[in-house]
Amino acid sequence: MAAGTENARTESKEPLPAGPRSQAARLIAATRYALAQSGGVSAVMAEVWQAQALAQAIGSRLAISGPPELRAKALGLTELAGRGCGILDTPALDIGTMRATQLTELGDARETLLGLSALLGEVGIALVGTACAVDDEGMYWQCMEAIDAADESRDRVSELLRLLAAQDQEVVKRGSAAG
């Protein structure tokens with residue numbers, strides 16, 4: 001997180017990274033970039049909100065169309081990330097600048113979840129820095145609650161990754177037994 005002026009960017013003006021990565025991975029990368037470039041409390045908090053909204057959208061997509069063994073836990077991610085958004089003041093963004101609304105496909109669940117885990121970790125770090133820099137007690141406590149929400153969301157992402165790893169091990173086991 002870069003501390004700085006209040007007029008810092010609240011959205012990334014950089015194009016989404018090109019290449020074979022999924023749309024979800026590109027949106028996560030754009031959010032990580034925007035968070036790193038944000039300065040000032042309001043800009044950081046807007047990017048934290050964007051990250052939680054993206055986690056909520058990813059959780060929803062996984063709950064609806066992800067691997068069946070992830071669906072129940074993914075619904076939990078949706079709820080936790082929604083709580084993370086609810087803690088924060090909703091930034092003044094039009095629908096086109098909300099990255100979560102741009103999510104139409106996830107691509108590889110593991111790649112998406114690994115990227116989301118990294119983003120949520122960076123959100124926690126940015127919030128700690130912001131909490132240390134604010135003079136307003138209300139904003140300090142909002143940061144503390146948002147840190148908890150980001151940690152809970154990241155814990156749920158870790159659970160989803162463990163489920164994927166267990167599924168992979170089961171497939172390998174079945175393959176070894178059949179061969």
Side-chain angles (χ1 to χ4, degrees), residues 1 11-12 14-38 44 46-88 97-128 144-179:
M1 180 209 63
E11 64 183 75
S12 172
E14 297 297 314
L16 296 179
R21 296 184 338 175
S22 70
Q23 181 192 39
R26 290 190 306 270
L27 289 169
I28 290 167
T31 304
R32 289 176 75 185
Y33 177 82
L35 180 64
Q37 297 301 310
S38 64
V44 170
E47 290 307 327
V48 167
W49 187 92
Q50 287 259 32
Q52 286 287 17
L54 186 56
Q56 185 178 24
I58 289 168
S60 292
R61 287 275 176 192
L62 284 170
I64 293 168
S65 60
E69 57 280 349
L70 299 185
R71 291 183 182 167
K73 294 282 185 191
L75 186 57
L77 172 60
T78 301
E79 293 167 359
L80 287 169
R83 185 176 84 73
C85 286
I87 289 168
L88 303 166
T97 59
M98 287 192 278
R99 292 180 206 100
T101 64
Q102 300 170 29
L103 182 66
T104 59
E105 62 92 13
L106 291 177
D108 179 65
R110 181 172 283 99
E111 174 191 20
T112 298
L113 290 169
L114 287 170
L116 183 58
S117 179
L119 171 61
L120 291 168
E122 291 168 10
V123 161
I125 292 167
L127 285 165
V128 167
M144 292 295 109
E145 289 181 38
I147 289 167
D148 288 343
D151 281 346
E152 289 174 9
S153 292
R154 191 171 187 210
D155 288 347
R156 185 56 55 104
V157 170
S158 294
E159 289 177 40
L160 291 165
L161 285 165
R162 280 191 293 276
L163 285 172
L164 281 175
Q167 175 194 11
D168 289 349
Q169 287 180 345
E170 186 62 33
V171 168
V172 168
K173 244 199 250 184
R174 279 188 254 149
S176 295

Would a 4.5 Å heavy-atom cut-off, applied to side chains only, mark Leu77 and Leu116 as touching? yes
Let's go through Asp148 and Ile87 carefully: what are the C-alpha distance in whole Å and the side-chain angles of both, what is the deciding distance for side chain to side chain contact (heavy atoms under 4.5 Å, CB included) to 0.1 Å, and is it a yes or a no? CA-CA 10 Å; Asp148 288 343; Ile87 289 168; over 6 Å; no
Indicate yes or no for a side-chain donor-acceptor contact from Ser38 to the backbone of Leu35 under 3.5 Å, with no hydrogens or angles considered. yes
Is there a side-chain contact between Leu119 and Arg154, using heavy atoms and a 4.5 Å cut-off? no
Rounding to 0.5 Å, atoms CD1 (Ile58) and OG (Ser153) come to a distance of 11.0 Å
Given the rule in the salt bridge (charged side-chain N to carboxylate O under 4.0 Å, His left out) test, do Arg99 and Glu47 qualify, once you have shown the distances and angles that lead to the verdict? CA-CA 10 Å; Arg99 292 180 206 100; Glu47 290 307 327; 2.9 Å; yes
Flag side-chain contact, heavy atom, 4.5 Å: Leu62 against Pro67: yes
Work out which heavy atom in Arg61 is nearest to a heavy atom in Leu106; give both atom names and the distance. CB-CD1, 3.5 Å
Looking only at non-hydrogen atoms, find the nearest pair between Ile147 and Gly124 and report the distance. CG1-O, 4.3 Å
Taking Leu161's backbone N and O only, do any of them form a donor-acceptor pair with Arg110's side chain (distance below 3.5 Å, no angle check)? no
Examine distances only and state if a side-chain atom of Ser60 and a backbone atom of Thr78 form a donor-acceptor pair shorter than 3.5 Å. no
Spell out, as yes or no, whether a donor-acceptor pair under 3.5 Å connects the side chain of Glu122 to the backbone of Tyr33. no
Apply side chain to side chain contact (heavy atoms under 4.5 Å, CB included) to the pair Asp155 and Leu80, showing each step before the final yes or no. CA-CA 10 Å; Asp155 288 347; Leu80 287 169; over 6 Å; no
Closest heavy-atom pair and its distance - Ala25, Glu111: CB-OE2, 3.6 Å
From Glu145 atom CD to Leu127 atom CG, the distance as rounded to the nearest 0.5 Å: 11.5 Å
So which atom in Ala149 and which in Gly84 form the shortest heavy-atom distance, rounded to 0.1 Å? CB-CA, 3.6 Å
Rounded to the nearest 0.5 Å, how far does OG1 of Thr97 lie from CD of Gln102? 8.0 Å
Determine yes or no for a side-chain-to-main-chain donor-acceptor pair under 3.5 angstrom, with Glu69 supplying the side chain and Leu163 the backbone. no
When you measure from the side chain of Ser117 to the backbone N and O of Leu113, does any donor-acceptor pair fall under 3.5 Å? no
For Ala63 and Ala74, the nearest pair of non-hydrogen atoms, with its separation, is N-CB, 3.6 Å
Nearest 0.5 Å, what's the CD-CZ distance between Glu105 and Arg26? 6.5 Å
Euclidean distance, Leu54 CG relative to Thr101 OG1, rounded to 0.5 Å: 10.0 Å
Check whether Gln23 reaches the backbone of Thr104 with its side chain - one donor and one acceptor, N or O, closer than 3.5 Å. yes
Taking all atoms of both residues into account, what is the closest heavy-atom pair of Cys85 and Gln56, and its distance? SG-OE1, 4.2 Å
